[in-house]
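Take a look at the structure below.
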Amino acid sequence: MRLNSPQINLIIKACMKASRSLIRDFGEVENLQVSTKGPGDFVTSADKRTEKILIEELKKAHPEYGIITEESGMINKSNTDNRWVIDPIDGTMNFLNGIPHFAISIGYEEKGEITCGVIFNPITNEMFVAEKGSGAYLNNSRIRVSNKKKIKDALLVTGGPKGASKIKDKIFSEYINISNNVSNVRKFGSAALDMAYVACGRFDGYWQRELNYWDIAAGIIILKEAGGFINFFDEVNNNPLKKNIIASNSNIHNELLDLISK
Ligand code: 2AM
Ligand code: CA
């Protein structure tokens, strides 16, 4: 793998450190699964623990960098030139249910642009990594988006709506409409891994509304470096941290965009 920016090395190191406790916590969740109390609170603390380790590690190298995270919000808010964008456990619901499909996702943003990122599933040991101009990798192998030409043959992935969504009907009708025009649709429960799976050609495309920036920050650069196209649609109330996204190979991108009911 020919990625060597200091930032990518820092992210990988932080991920490896945090994943050790995350793997232990996941083992514990599997035990709690069968207990009457259930793993609910435990998962919240696993999320916080993971985030704390990631922040500590990244801060050691750059105490001045801004950080956007799911649990702690903004750190060093005034530094918008250099920012880490962290999701300690993307796919929380999977984690909570003992399903080994979740990931640590960390992107690095320079002057508003994500320039490198890592998505790491510590259970399957799959690490997706990319750096601007250097390609995208799964572990040590270069990855590329699929070459599927027609949307009718495409296997897509999506997520949502979340429980509190106010646009459930719209999301469901969009789902029906898109399903009727593609080969099939999957719902795996981790936006970060959905993006990574498009980047390595397992899925041909992905769309989802009502995401948070940290769900997809690392995915943006991994997908772009794998030759994928990304589009943000229906900007959410001018809130830059809320995202509706389409991500796919280049061939089906415009057709997929047309199927979204804007
Ligand atoms: P999370 O696991 O970190 O919560 C599931 O469709 C995907 O959407 C996951 O990546 C999940 O991230 C993300 N998501 C963002 N906000 C969500 C919410 N309020 N409820 C459920 N999933 C959410
Ligand atoms: Ca998330």
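The analysis underlying the following values was restricted to heavy atoms, covering all of them including side chains, and did not include hydrogens, waters or symmetry mates. Keep in mind that this is a model prediction, so the values were computed, not measured. Counting starts at 1 for both ligands and their atoms, in listed order.
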So, for F120 and F128, is the gap between ring centers shorter than 6.0 Å?
no

With carbon and hydrogen excluded and only N/O/S kept, which atom of D90 is nearest the Ca ion (ligand 2)?
OD1

Residue pairs, two or more places apart or on separate chains, that pass salt bridge (charged side-chain N to carboxylate O under 4.0 Å, His left out) and touch residues 75-85
R83-E109

Any side-chain donor near an acceptor of the partner, N121 and T124, under 3.5 Å:
yes

Aromatic ring proximity, centroids under 6.0 angstrom, H62 and Y108
no

Would you say the side chains of N249 and K148 form a donor-acceptor pair under 3.5 Å?
no

Name of whichever N/O/S atom of D87 is nearest to the Ca ion (ligand 2):
OD2

Among the N/O/S atoms of D215, the Ca ion (ligand 2) lies closest to OD1

Residues in the immediate environment of ligand 1 (any heavy atom closer than 4.0 angstrom):
E70, D87, I89, D90, G91, T92, G159, G160, K162, G189, S190, A191, Q208, L211, N212, D215

Full working for ring pair (Phe, Tyr, Trp, His ring centres under 6.0 Å) between F102 and F188
CA-CA 9 Å; F102 57 88; F188 277 20; over 10 Å; no

Distance-only donor-acceptor check, side chains D204 and S146, under 3.5 Å
yes

